[in-house]
Amino acid sequence: MRVIGLQNKYLIGIVMLISILSASLAGFELAHFEYQPQIESMRTELFQLNSTVTGLQSSISALEANCSMLQYENAILNETVEELSKYVYSISLITDSSYYIFKQNDTYYAKSGLTGQIECHNDSCSVVINYTLTHVPYGGAVLFKPLASSDDAYYIDGTINPPNGTTLASENRMVTICLNNNSAVQTVVGLYNVRDVQISNIRIDGNKGNNATGCGIIISSNSSYAPNHLIENVVIDNCNGTGIWIQYYPLNNVVRNVQVFHSEIYNVKVDSADNKLISVESGWAVLSGFDVRGVDNYFLNCISYGCGQAGVGYADGNGFSIYGARNMFVGCDAGANFQGGFVLDHAIQTMLVSCVGRDNGRTNSNARIPGRWGFNLYHSNSTILSGCLSTDENDRSNKTQDWGFTEGGNCDYNTVTGCNFEGNIVGAVFCLVGVHRWSTS
């Protein structure tokens, strides 16, 4: 009887458990039935969202394809614009008031932009050029047609003297004007007592191996006025004199994107005032790359390297030799010159900002010239060096620049701030004299 009672109790418990589970299932079904609309709505929204994402992915793929095509078309358009710009440039220069010069075999020709007729031809290029310069009016241009061979040149035996308000340029592509052997001229291009001349897209070769004289370009006058000349996109090479020389009186000239190499004296010499030299590159002059004796001139992003080829015994073989007053140098670089980088001698109120003097005191054999500097002030007053760097970038065994900054003579009131003079073979700073306001912060 006891065993049967226990079995009844187990059966009753199982029945109760089944009842509870049945009630729970019924409640779950009721809850599931109650939230079924929300679940179906979420499923619908998820389906729509997936469709939207798929559509966006397709749109992105199409946009990427369109972008690639647009980039390709843009590249073609840029090339077309560049070609059109060259064409427009040549058309804008070849006006009714212009001449252009070309060469066939050994004969030179001058063609009028007004009539389209050949007005002059001669075996002497100088004769043809002089004809155009005496006939071109104010505002006109004398253009040199590109030569058939890049090794060929327009060979001259006299100075080119453009008149007021004229342009001397190539028609489309840079051409070379070269001095003939034994020409005995003072300069290839002379701007004497004239105004508003532009020279562009021309390479001047002084042919110094076969001439005893010859500068590249001389700007000069016999009185002080602003001729406003523009020398742009010009290369000057192998002159037996100075590459480009702005003499004592002319003011307010611009020299931009000009390269001057291998001059037998200076590459660039500035004796006048208020000139702007922008992105002028100077290399391998016999003496200094830049010789600056004028006042109130501005030099931006100019560079001088390998200058001072005359070697030991010539003090004037620096990247920049500065003698004048109130000249400003911004972002200029003097590297691997034979003597110093920036050398100021009796200069007044010079400002050098973000300039670099590096690896100077170097010879052609990379031998060391002792005692050379990145920046050297001698008898110079009221100088400001701001944010400049002077170092030797080579490893210890190949360093040639002894000092970052030196100062000597009667120097007073020079200010150095925010500069770095470390990394030179001997030291950073040598021989401070005079009255100073000095800061390296």
I'd like to know if the side chain of [X] reaches the main chain of [Y], judged simply by a donor and an acceptor atom lying under 3.5 Å from each other, with no hydrogens or angles considered.
| X | Y | answer |
| --- | --- | --- |
| S98 | A141 | yes |
| N211 | S183 | yes |
| N253 | N275 | no |
| T242 | N267 | no |
| S380 | L377 | no |
| T187 | G190 | no |
| N207 | D205 | no |
| T176 | C178 | no |
| T115 | Q117 | yes |
| S288 | N318 | yes |

Residues two or more places apart in sequence or in another chain: which of them pass side-chain hydrogen bond (donor to acceptor under 3.5 Å, both in side chains) with [X]?
| X | result |
| --- | --- |
| N228 | N252 |
| D157 | S126 |
| N233 | none |
| Y298 | none |

Quick one: does [X]'s side chain get under 4.5 Å of [Y]'s, heavy atoms only?
| X | Y | answer |
| --- | --- | --- |
| F290 | V280 | yes |
| K103 | D152 | yes |
| T383 | T415 | no |
| Q401 | D359 | no |
| F421 | L385 | yes |
| I101 | Y99 | no |
| M174 | V235 | yes |
| N424 | E422 | no |

Original post:
Taking it one step at a time, do T107 and N105 satisfy side chain to side chain donor-acceptor pair (under 3.5 Å)?
Top reply: CA-CA 6 Å; T107 304; N105 298 322; over 6 Å; no

Any salt bridge (Lys or Arg N to Asp or Glu O under 4.0 Å) pairs touching [range], not counting sequence neighbours?
| range | value |
| --- | --- |
| residues 231-254 | R203-D237, E232-R256 |
| residues 221-230 | none |
| residues 318-332 | D296-R326 |
| residues 136-145 | K145-E171 |

**OP:** Test side chain to side chain contact (heavy atoms under 4.5 Å, CB included) on R372 and Q339 and set out the steps.
**Re:** CA-CA 6 Å; R372 302 310 171 198; Q339 306 296 327; 3.0 Å; yes

I need the minimum non-hydrogen distance between [X] and [Y], along with the two atoms involved.
| X | Y | value |
| --- | --- | --- |
| A334 | F320 | CB-CD1, 3.9 Å |
| P162 | T166 | CB-OG1, 3.7 Å |
| C355 | V330 | SG-N, 4.3 Å |
| P227 | V194 | CB-O, 3.3 Å |
| N398 | R362 | O-NH2, 3.4 Å |
| N360 | T400 | O-OG1, 2.9 Å |

How long is the span from the [atom1] atom in [X] to the [atom2] atom in [Y], to the nearest 0.5 Å?
| X | Y | atom1 | atom2 | answer |
| --- | --- | --- | --- | --- |
| L179 | N181 | CG | CG | 9.5 Å |
| L352 | S386 | CG | OG | 10.0 Å |
| Y225 | R195 | OH | CZ | 5.5 Å |
| Y108 | F144 | OH | CZ | 10.0 Å |
| F430 | N376 | CZ | CG | 10.0 Å |
| H379 | D412 | NE2 | CG | 11.5 Å |

Subject >> Inter- and intrachain pairs under ring-ring contact (aromatic ring centres under 6.0 Å, His included), touching residues 240-266, at least two apart >> reply: F261-W284, H262-W284

Original post:
Applying ring-ring contact (aromatic ring centres under 6.0 Å, His included), which residue pairs with at least one partner in residues 158-201 are found, sequence neighbours left out?
Top reply: none

**OP:** For the pair N420 and T391, evaluate side chain to side chain contact (heavy atoms under 4.5 Å, CB included) and give the outcome as yes or no after the intermediate values.
**Re:** CA-CA 8 Å; N420 185 345; T391 188; over 6 Å; no

Original post:
Tell me the side-chain hydrogen bond (donor to acceptor under 3.5 Å, both in side chains) pairs involving residues 344-353, sequence neighbours left out?
Top reply: none

Subject >> Charged N-O contact under 4.0 Å between D392 and R358 >> reply: no

**OP:** Decide whether N122 and S124 meet the rule of one side-chain donor and one side-chain acceptor closer than 3.5 Å.
**Re:** no

**OP:** Among V343, D271, D291, L344, find the one that has a side chain to side chain contact (heavy atoms under 4.5 Å, CB included) with Y323.
**Re:** D291

Original post:
Can you tell which of L277, N301, V292, N297 makes a side chain to side chain contact (heavy atoms under 4.5 Å, CB included) with F329?
Top reply: V292

Original post:
In this structure, are over 12 heavy atoms from other groups packed under 6.0 Å from D106 atom CG?
Top reply: no

Using residues 212-223 as the side-chain source, report each donor-acceptor pair under 3.5 Å to any protein atom, sequence neighbours left out, with the distance given to one decimal.
{"from": "T213", "atom 1": "OG1", "to": "V185", "atom 2": "O", "distance (Å)": "2.8"}
{"from": "S220", "atom 1": "OG", "to": "Q247", "atom 2": "OE1", "distance (Å)": "2.8"}
{"from": "S221", "atom 1": "OG", "to": "S223", "atom 2": "O", "distance (Å)": "2.7"}

Original post:
Does the pair S282 and C307 meet the rule for a side chain to side chain contact (heavy atoms under 4.5 Å, CB included), with working shown?
Top reply: CA-CA 8 Å; S282 166; C307 293; 3.7 Å; yes

Original post:
Parallel, tilted or perpendicular: which describes the rings of Y109 and F102, with under 30° parallel and over 60° perpendicular?
Top reply: parallel

